[in-house]
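On a predicted model such as this, the values are computed, not experimentally measured, just so you know.
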Amino acid sequence: MTTPAADALCALPATELSALVRGREVSPVEVVDAVLARMEATEPRLHAFCTPVPERARASARALADRLARGGTAGPLAGVPLGVKDLLPTRGLRTTSGSVAYRDFVPDEDDIVVERVRAADAVVLGKTNTSEFGYSATGHNPLFETTRNPWDTRLTPGGSSAGSAAAVAAGAGPLALGSDGGGSVRVPAALCGLVGFKASMGRVPVYPGCRDERLPGVSGWESLEHIGPLARTVADIGLALSVLAGPDPRDRHSIPCGDVDWRGAVRRGAGEGIAGLRIAYSPDLGYLAVDPEVRRVVDAAASVFADALGCEVERVEPGWADPGDAFAALIMADTDLRGMRALVAEHGEAMSPHLRAMLARAWTAEEFTDAEMVRKGVVNRMARLMARYDLLLTPTSCVPAFPVGIEGPATIAGRPVPPTAWTGFCAPANLTGQPALSLPAGRTGAGLPVGLQLVGRHLADATVLRAAAAFEQASPWTHVPLAAGGTLGTGASGGRE
């Protein structure tokens, strides 16, 4: 069990922790020991980390402490404990992608983002759990215990960055790395009461994940995938992006980022506000079934933008049809079908049923090219919409957290839906590559978090961060997922009503 002093360290945001460590007011060893104690208390019920590395974390913290004691300097993430999603390769540290096919795989190189957080003096706590290869928006896979939601351990934290979200929500580090091919950062952020940001396509480079042709499953989702941080505050998201963003020649899609002051955008939003921004609000995109409690909470959040923040808010229907079927085809077009089918032939029923079903389907060239036309239609309609507005505001998830063990609810608001329909707000921003952020909007009557999604214009990442910071300032979120004493509750108090 953690001590009160240790609990206080676990509750601090990364911005404050790193400043305390750099200022030699707190030892990175003390910080890491506090977070490891929190992990020890919560992991038996949460299962956020599939491969924790506590001794490596302590060694990294001691090395940083020794450097500071000798008068050395430290990077912007000095001593910040951080989890890394198990889809992101880590040199010398097992990376399974949640699959028996990679049960013992140890990469020989770090993903670019892992290189960058290590260089910024973050302390890697281990690998966080994910659905198999990220092909599900939940936290179960055939290899590890199912990840649970810290607000109610009977429920899913969302996914596929399930462990990253559960860890941050439970206080096992103020930051974690996730990946988002169709909402896999934003969805668990929404269900766990966090901030999750998918920057514009190319802002954060991706390699070798999505890029290494030798690794079936790991090499998928290239035209859709983004890597992004999960945190408890918008300021921590800005800090993380200041480290993660910037081009790299190993990712041909990566782009320069000199037009964005990541931390400055957050300060501007919190300090100067966003009065005058034009916001399009769509509670259902014109086609999604949405839980009434989610509608209620997000309607109230939209009113905050209008009434408290001085924005021009207009309710809209964006004008494209549901791209769900096309999105599934695009995922499979990005997939190494030959390689993945070979894995299924080798491992059979040890792989996830929904993944085997997707791979068994006889996909046609016309389905893939039809899907590309749907993507182009969404991109063009979105561009026309965003010519009139600075932001598109929606719910992040159609539902709050639901019981573990299923891919999604069979009905929403009385309508029968496919099991993936509940994530439908997120995919359009992956099709277009636009920046999209989820942050807490409030709670259901049962106390479960509800997420609010902000989508910005093409490359307008700074506007998204400014707006998120302004909303956070106007409508603060009290994040209390853990009951007293470090044990998990079933619907903890705190947060916007």
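From L359, atom CG reaches atom OG1 of T335 across 7.0 Å, with rounding to the nearest 0.5 Å. Annotation: the span from N129 atom CG to T146 atom OG1 amounts to 8.0 Å, rounded to 0.5 Å. The distance from atom CD of E43 to atom CD of E145, rounded to the nearest 0.5 Å, is 10.5 Å. Distance check: C210 SG to D334 CG gives 8.0 Å after rounding to the nearest 0.5 Å. Going from atom CZ of R278 over to atom CG of D390 covers 5.0 Å, rounded to the nearest 0.5 Å. In this structure, K127 NZ and D86 CG are separated by 4.5 Å, a value rounded to the nearest 0.5 Å.
Between the side chain of S97 and the main chain of S99, no donor-acceptor pair closer than 3.5 Å is present. In this structure, the side chain of N430 engages the main chain of L224 through a donor-acceptor pair within 3.5 Å. Judged purely by atom type and a 3.5 angstrom limit, R356 uses its side chain to pair as donor or acceptor with the backbone of M351. Distance alone, capped at 3.5 Å, places no donor-acceptor pair between the T411 side chain and the G414 backbone. N141 places no side-chain N or O within 3.5 Å of a backbone atom of S352 that could act as its donor or acceptor partner. Remark: the backbone N or O of V114 is not paired with any side-chain donor or acceptor of D111 at under 3.5 angstrom. Between the side chain of R315 and the main chain of P283, no donor-acceptor pair closer than 3.5 Å is present. Of the possible donor and acceptor atoms, none in the side chain of R443 sits under 3.5 Å from a partner among the backbone N and O of L448. Although no hydrogens or angles enter the test, the distance criterion places no donor-acceptor pair under 3.5 Å between the side chain of E16 and the main chain of P13. No donor-acceptor pair closer than 3.5 Å links the side chain of S475 to the backbone N or O of F471.
Of all heavy-atom pairs between L155 and P403, the closest is CD2-N, 3.7 Å. C426 and G183 get closest at one heavy-atom pair: CB-CA, 3.5 Å. Of all non-hydrogen atoms in T156 and G139, the two that sit nearest each other are OG1-N, 4.0 Å. Closest approach of L241 to A199, counting heavy atoms only: CD1-CB, 4.1 Å. Listed here is the closest heavy atom pair of R154 and R148: CA-NH1, 4.1 Å. Closest of all the heavy-atom pairs between V417 and A289 is CG1-CB, 4.1 Å.
Classification of the W151-W477 ring pair by plane angle, with boundaries at 30° and 60°, yields tilted.
In this structure, the side chains of S18 and L77 stay at 4.5 Å or more apart for every pair of heavy atoms. A heavy-atom distance below 4.5 Å is found between the side chains of E222 and H253. Put simply, the side chain of V464 reaches to within 4.5 Å of the side chain of L391, judged on heavy atoms. No side-chain heavy atom of P52 sits under 4.5 Å from any side-chain heavy atom of L125. Here the side chains of M358 and M332 are in contact, with some heavy-atom distance below 4.5 Å. For the pair L459/I255, a side-chain contact is recorded, criterion being any heavy-atom separation below 4.5 Å from C-beta on. Looking at heavy atoms from C-beta onward, L437 lies out of side-chain contact with R186 at the 4.5 angstrom threshold. F197 is listed as a side-chain neighbour of W262, based on a closest heavy-atom distance under 4.5 Å.
Checked against ring-ring contact (aromatic ring centres under 6.0 Å, His included), F327 has no partners two or more places apart in sequence or in another chain.
Ion pairing of D261 with R268 is absent here, as no side-chain N (NZ or NE/NH1/NH2) approaches a carboxylate O to less than 4.0 Å. Look at D236 and R263 and you find no salt bridge, because none of the NZ, NE, NH1 or NH2 atoms lies under 4.0 Å from a carboxylate O.
When the shell of 6.0 Å around CG of D325 is examined, it contains 12 or fewer heavy atoms from other residues, nucleotides or ligands.
A side-chain N or O of T138 and one of S136 form a donor-acceptor pair less than 3.5 Å apart. Looking only at atom types and distance, the side chain of Y389 has no donor-acceptor partner in the side chain of E312 under 3.5 Å away.
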Tabulate below the donor-acceptor pairs under 3.5 Å that side-chain atoms of residues 159-177 make, not counting sequence neighbours, or state none.
{"residue": "S160", "atom": "OG", "partner": "K85", "partner atom": "NZ", "Å": "2.7"}
{"residue": "S160", "atom": "OG", "partner": "S184", "partner atom": "OG", "Å": "3.0"}
{"residue": "S161", "atom": "OG", "partner": "K85", "partner atom": "NZ", "Å": "3.0"}
{"residue": "S161", "atom": "OG", "partner": "S179", "partner atom": "N", "Å": "3.2"}
{"residue": "S161", "atom": "OG", "partner": "S179", "partner atom": "O", "Å": "3.2"}
{"residue": "S161", "atom": "OG", "partner": "S184", "partner atom": "O", "Å": "2.7"}
{"residue": "S164", "atom": "OG", "partner": "T128", "partner atom": "OG1", "Å": "2.7"}
{"residue": "S164", "atom": "OG", "partner": "L177", "partner atom": "O", "Å": "2.8"}

Check the pair E372 / L330 against side chain to side chain contact (heavy atoms under 4.5 Å, CB included), numbers first and verdict last.
CA-CA 7 Å; E372 288 290 355; L330 290 169; 3.6 Å; yes

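Aromatic ring centres of Y135 and W221 lie closer together than 6.0 Å.
Sorted by first and then second residue, the salt bridge (Lys or Arg N to Asp or Glu O under 4.0 Å) pairs with a member in residues 194-206 read R203-D259, R203-D461; sequence neighbours excluded.
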